[in-house]
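In this text, all values refer to a predicted model and were calculated from it rather than measured experimentally. What you see below is based on every heavy atom in this structure, not just the backbone, and it leaves out hydrogens, waters and symmetry mates.
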Amino acid sequence: MNKLTIYIDDKQFQAEPGKSILEVCREHDIEILTMCHLKGVNDVGACRLCLVEIEGMSKLLSACTTKITANMVIHTKTERIKKYQRITTELFFAERNHVCAVCVANGTCELQDLGYKVGMDHIRYPFLFPKCEVDTSHPWYVMDQNRCIMCTRCVRVCNEVEGAHNWDVKNRGYQVRIISDFDTPWGESITCTSCGKCLQACPTGALWPKAIVQGQMKKNPEIIDELMERRKMIL
Amino acid sequence: MKSGSSLLDAELHKTDPRVKLIAAKLKKENFKPDALIEVLHTAQNVYGHLPLNVLAYISKALSLPPSRVYSTVTFYHFFSLKSKGEHTCLVCTGTACYVKGAQVILNEIESKIGLRPGQVSADNQLGIQVARCIGACGLAPAVVLDDEVQGKVTLGEIINKIIDKMAAK
Amino acid sequence: MNRQDLKTIIYAEKAKVENNKYKHKIGVCCGAGCISSGSEEVLKKLQEEVTTRGLDHDVEIIPTGCMGPCNQGPLMKYLPDHTIYQKVDCSNIAAIVQSQIIDKKPIEHLLLFADTREKPFRDAREDPFFKSQLKIVLRNCGQLNPERIEDFLVHDGYQALDKTLCEMSPEDVIAEIKHSRLRGRGGAGYPTGLKWETVYKYVNDQKYVICNGDEGDPGAFMDRSVLEGNPHRVLEGMAIAGYAIGATKGYAYIRGEYPLAIKRFETAIKQARKMGLLGTDILGSNFSFDVEVRIGAGAFVCGEETALIASIEGKRGTPRPRPPFPAEFGLWGKPTLINNVETFASISPIIINGGEWYSEIGTPKSAGTKVFALAGKINYSGLIEVPMGTSLREIVFDIGGGMQGGGEFKAAQTGGPSGGCIPAGHLDVKMDYEALTNLGSIMGSGGLIIMDQTSDMVDVARFFMEFCMDESCGKCLPCRVGTKMMCDLLQKICDNRATQIDLDRLEELAIYVKETSLCGLGGSAPNPLLSTLRHFRNEYQNRLIRHEQKDQIEVPSNIQV
Amino acid sequence: MNRKKIATVWLGGCSGCHMSLLDIDELILEVAKLADIVKSPIVDCKELPDVDIALIEGSVTSDEHMNELLHIRKHAKVLVALGDCAVMTNVTGMRNYFPLKEVFDAAYVDAVSNDSEGSVPGHPALLHLNDKVVPLPEVVDVDFVIPGCPPGADAIFYVLSEFLNDRIPDLNETKKLRYG
């Protein structure tokens, strides 16, 4: 297939049509910050961290959901984008109750990493301090809404990879929460297979195994993509 | 939280005429999963709200995961998981009504009747709700008492009407 | 039914009207506003009155769609004189029948606007309220019985469909619409012809037409009135669109809050099917088209096209990023055309009278007329239709009869929670898409709320922000958290607890949310805030406390448990 | 010799940040070459004199903290929020999800160790807890923040030495930024 010529941050690249801007950037080690993107499941464009400027477009577009077109001129690191990435990060921290000091994912958390990458030293917006539930009813796992950033990676992994669709989202606006079945305790779910893929997919310490304590969480989100690749070979 | 597994085991009363209405709707829609919202409308109409066992029934009938059904129900303001009360008083808070003092009406209801939007009286007689514009802007401020639109309401009059509703069981 | 059959029916109906055995005709407005004021009672009582007087054979009584001046309802119109009686109730019906029908002279003090005008008009068409209007979309609203397809047929109903199917190719139809320069009436004002052409060009075995009747703006009821007053007009527009783009299936997504509109539209569909104006092989043209109603379940965001599609598919109404646009990847992944109710209702007049005719109405960039739902602190509120480019002053003072209680005009809010306000200094603005955008507002779907000096603009911004916060779907972060933060900050300003830093932060957030949100809801949620800041910044500034004063106040408690 | 004055203050926190400050070990001598620590939990001084740098650990949880912080703001040239509690409330903020009464009851009434006989202490001389815990930037202008629970000793020393040498530190540039 004929490759397309595109320009990213003033450099020229050849890329296959049908690929997203994000895929092309990742191939060439151009850093694009993401939270809701997880290789192996469908993109939803919800976190808005991967927004890029495209010449000729008035709107910022999410790199994960926008396919490349011929002669596209893309800017990924303008001052405007950097500024918005920082605000997005701050809003993530202010939305729920992220207490790194007591979190299992301290040190391996993608949200923490994001904060370092955008150089966020403090949060300028008032914290919302919502009251959130912690579901410990599952024999092995815990779901802590305090640490959830609503990236819905667990929802998509459970639905698209495991096929169980235990997780979904309830309510709307800032009151959205991840739910299991009819918002019933996870331990009583009739759909969950306890496969644990959602734990691997979760970028923060919202989903974790009971056996560990602060700072011990090891995550391997890449496993999802590997799994999907292996499945293709079996077929 | 209610127990999840026990819920799905709960069979709806087959003789309940309301279940039959839902079953008829399901059949009419050919049990297509994309008819979920249409079926929920029917269920909400016949039950007044959407009890969890009804949702479990619908989820099974349409072969949809429980969380998919629950998430759809909680997304739309029209659907309610809880009973809204025998009588309902819905105060329009659309822009025209807002400009003409919908908030004052809500304050008055709270001080005289002791209920805020979304609340139902202890005896389940009256539920107070708000709507984002019922499209009767020419009659602002408007209140809907049991499906009957009261236009250009005044404070004393509307409170009396509500109290009458509560008294007439 | 073929073309000839339709003509036969129309001739027969027209003949019936011409050889009218009735000497008098009385229309009772059964639009939602008048029904709320009790017009159904009036209709019943009127029928009784006429029967008791033995006038059944002389007086025809019809329920009609919205007549316009909704806050004067229930309205009753005597034809052919166009005499309108306002605030009719059961007690004065006998007198009206006696005076108007028997004595043949109207009762002056019961006429429309009799309580506010020095001399009310016997022919309501002479009244400035109607005189300044130009009704294209609403032309037959308030004249025909919306529940009878025959009434519509008499008023050139389905003539446009007949013309397109029998005389025009899909390309012709698209060219005509393009020529008319009609722009989408849902708010964004995208050229309708261009949109049709895009969907037409995508080749697919299945395409869809969707009519967006999820009118969620608080303070807007244009679509509702059109659907209730003339549902067949919308249906006809949808069928023409289906023919033009090559779709065989349409969906009308109507707000659940509008039960009457749903009922009448469903009736219309049944009648049209029965007459063969929907279904297979319409008018013997090989073209097949059918429409289904989907009822909204109370989510403002479903007015956004991708969310609306998700909702029709039975899912949470959350939008998805565009591109791909619905024209390419829409309902069930098929090319889909989505237009607003008012847009579809504008189609048949364009087909009948030609695109040229339509394009000459209005302003160079915004052709045609626009329906507004006029409300707020104004004397006559209701449903109006004016040519694009009519000045706000004309709308407020000529049509609306000026400010209520002699108040002072402060601002007009357009476009609801996605729009902005027009301050008194711009009363002479010619209302069209560009002019409103230049003022930092938008045309929107047509809600027009007039505010007087008692309105607090910061609180107005807070009101709309709270609305957007409640209606945010929660999918993307900027809208989900941003609207909540902005709402809290606005509350802080309203409570006189905020400093200049808070205001700066609020402005920064507003622009951030506007530029980064996934869909139009978040993208326009900051508009009322930005617009009031632009025109009424001093009202914000006056509320701020100085930074040094901060240590005198309590700890900010903008934290919700 | 223009020696600078440093104050370190302990508001609503666990003193871990001060422990981390002590962890700079012998480098404290480097600090001592340029400045005096005039007020600190480890210095016996009741009044706060005007200082060049104030390092403040912990968040604002009570009226006393509030007054102290406002006082320091007036007397410090550079106010540094030290540690996650001061910067973003951290663990101390975890009571914000509950009404204050529930928090008191949990601690003084319902706790098992109370043998069901406890009551909420109400002596007027006791400090008065605010309804909500807030981080320093919500109350006063903060000139610099060092997040971390606790911040690393190297980060603290780096910031101190930069300010003492009239330079502005940059945690991000120097890869010393960390939370938790």
Among the options A:Asn106, A:Asn146, A:Val102, A:Val118, pick out the one with the most heavy-atom pairs lying under 4.5 Å from chain D. A:Asn106
Name the region of D:Leu171, side chain, backbone, both or neither, that has any atom closer than 4.5 Å to a heavy atom of chain A. neither
Chain A contact via D:Pro150 - which portion, at a heavy-atom distance below 4.5 Å: neither
Is D:Asp143 salt-bridged to D:Arg73, going by a charged N under 4.0 Å from an acidic O? yes
Aromatic ring proximity, centroids under 6.0 angstrom, A:Trp140 and A:Trp186: no
Looking at chain A, which one of D:Asn172, D:Val87, D:Thr89 has the largest number of heavy-atom pairs inside 4.5 Å, strictly under?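 Ranked by heavy-atom pairs under 4.5 Å with chain A, first place is D:Asn172.
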In short, ring-ring contact (aromatic ring centres under 6.0 Å, His included) pairs touching residues 147-167 of chain D with sequence neighbours left out are D:Phe144-D:Phe163
Mind running salt bridge (Lys or Arg N to Asp or Glu O under 4.0 Å) on D:Asp52 and D:Lys4 for me, showing each step along the way? CA-CA 6 Å; D:Asp52 297 286; D:Lys4 292 200 162 70; 5.9 Å; no
